[in-house]
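First the structure, in the form of structure tokens, and then the observations on it.
The chain is numbered in sequence order, starting from 1. Since we're looking at a predicted model, the values are computed, not measured.
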Amino acid sequence: MYKTYQTFYRLAFYSVDHLGFPAELIHYENIIIKPEKDTKNYKIDLEDKALPFGEKGIFIGIETIKPDHVEITNSMYLTTPSILHTNSEKQLKFSRFRSNNWSKHSRKSVFKKKYYAIPFIKTKVVFEK
């Protein structure tokens with residue numbers, strides 16, 4: 001029914017504003033993840049990136065980008081690999097389209113109506129004091 005296209009992901013790092021929304025971009029180098037087929041785990045070493053970690057923390061944005069070799073031939077399509085979603089009592093997902101204002105994503109879970117659907121991304125952060 002839908003055509004499926006490969007997608008890449010770009011990591012972006014943002015400061016946190018006074019309302020708890022993503023604010024200014026704090027790292028300008030492109031960090032691109034090019035998923036391989038059947039690979040679910042990625043280790044990304046950010047030691048040399050010098051990311052400032054503010055008092056309120058940071059937002060890590062995961063942006064989908066179209067690879068140069070992909071030629072989209074239809075307006076209805078899916079991208080792969082997809083990011084899995086899980087459930088949360090809190091709205092923990094922010095989104096924006098083409099650099100517009102950020103909005104708190106309020107998509108309810110299909111499986112648990114009282115919960116929100118949020119991306120399931122397991123991270124481990126190690127930093128020196």
Side-chain angles (χ1 to χ4, degrees):
M1 195 162 129
Y2 295 101
K3 198 158 186 178
T4 304
Y5 297 104
Q6 181 183 20
T7 191
F8 291 165
Y9 296 98
R10 176 180 21 236
L11 293 182
F13 299 91
Y14 301 91
S15 62
V16 181
D17 73 8
H18 67 286
L19 297 174
F21 279 73
E24 299 296 319
L25 187 65
I26 58 174
H27 184 72
Y28 294 95
E29 178 185 339
N30 280 331
I31 300 170
I32 307 294
I33 301 170
K34 299 178 180 180
E36 299 292 327
K37 190 172 183 175
D38 298 327
T39 302
K40 296 179 182 175
N41 297 314
Y42 287 89
K43 182 177 181 180
I44 301 164
D45 186 359
L46 302 172
E47 185 175 0
D48 63 336
K49 305 298 183 207
L51 297 169
F53 199 90
E55 283 183 34
K56 295 180 184 179
I58 60 173
F59 274 99
I60 301 172
I62 300 173
E63 304 168 355
T64 56
I65 56 174
K66 183 178 84 59
D68 290 335
H69 67 274
V70 171
E71 300 263 343
I72 296 176
T73 59
N74 193 342
S75 62
M76 299 294 286
Y77 60 88
L78 300 170
T79 57
T80 185
S82 298
I83 295 176
L84 296 174
H85 282 72
T86 189
N87 307 301
S88 173
E89 292 179 355
K90 297 180 181 179
Q91 293 173 301
L92 299 173
K93 182 179 177 182
F94 293 84
S95 61
R96 70 177 179 175
F97 182 70
R98 294 191 176 173
S99 298
N100 291 324
N101 292 332
W102 288 97
S103 63
K104 207 165 200 179
H105 207 299
S106 60
R107 187 176 128 211
K108 290 289 190 171
S109 171
V110 176
F111 304 106
K112 296 181 179 181
K113 300 295 182 194
K114 294 182 180 181
Y115 291 84
Y116 296 96
I118 61 168
F120 179 68
I121 299 170
K122 184 178 177 181
T123 60
K124 180 178 179 182
V125 178
V126 179
F127 63 95
E128 292 183 25
K129 291 184 179 182

**OP:** Give the cluster check for I62 versus L46: same hydrophobic cluster or not, with ILVMFWY residues linked at side-chain heavy-atom distances below 4.5 Å.
**Re:** yes
**OP:** To the nearest 0.5 angstrom, please state how far the CD1 atom of I58 sits from the CG atom of L51.
**Re:** 5.5 Å
Subject >> Nearest non-hydrogen partners of P52 and I26, listed with the distance >> reply: O-CD1, 3.5 Å
**OP:** Measure from the side-chain N and O atoms of S15 to the backbone N and O of E24, and report whether any donor-acceptor pair falls under 3.5 Å.
**Re:** yes
**OP:** Might you work through the side-chain contact (heavy atoms from CB on, under 4.5 Å) test for F13 and L25, ending with a clear yes or no?
**Re:** CA-CA 6 Å; F13 299 91; L25 187 65; 5.7 Å; no
Original post:
Same hydrophobic cluster for V70 and Y9, using side-chain heavy-atom links shorter than 4.5 Å among ILVMFWY?
Top reply: no
**OP:** Drop me the distance from Y115's OH to E89's CD, to the nearest 0.5 angstrom.
**Re:** 4.5 Å
Subject >> hydrophobic_cluster_shared for L78 and I72, side chain cutoff 4.5 Å >> reply: no
Original post:
Quick one: side chain to side chain contact (heavy atoms under 4.5 Å, CB included) partners of T73, sequence neighbours excluded?
Top reply: K3, Y5
**OP:** Considering non-hydrogen atoms only, spot the tightest contact between I65 and T7 and give its length.
**Re:** O-OG1, 3.2 Å
Subject >> More than 12 heavy atoms of other groups within 6.0 Å of K34 NZ >> reply: no
Original post:
Does E47 offer a backbone N or O that forms a donor-acceptor pair with the side chain of D45 under 3.5 Å?
Top reply: yes
Subject >> Where R10 and N30 come nearest, the two heavy atoms and their spacing >> reply: CD-OD1, 3.2 Å
**OP:** Go through the steps for K49 and I31 under the test side-chain contact (heavy atoms from CB on, under 4.5 Å), then give the verdict.
**Re:** CA-CA 10 Å; K49 305 298 183 207; I31 300 170; 4.1 Å; yes
Subject >> Closest approach of P22 to Y14 (non-hydrogen atoms, all atoms of both residues) >> reply: CB-CB, 4.2 Å
Original post:
Which heavy atom in A12 sits nearest to a heavy atom in E63, and how many Å separate them?
Top reply: CB-OE2, 3.5 Å
Subject >> Co-membership, hydrophobic cluster, residues F8 and Y28, 4.5 Å side-chain >> reply: no
**OP:** Give a yes or no on whether the backbone of N74 and the side-chain of Y77 come within a donor-acceptor separation of less than 3.5 Å.
**Re:** no
**OP:** Of all the heavy-atom pairs spanning H18 and K56, show the shortest one and how long it is.
**Re:** CA-NZ, 3.2 Å
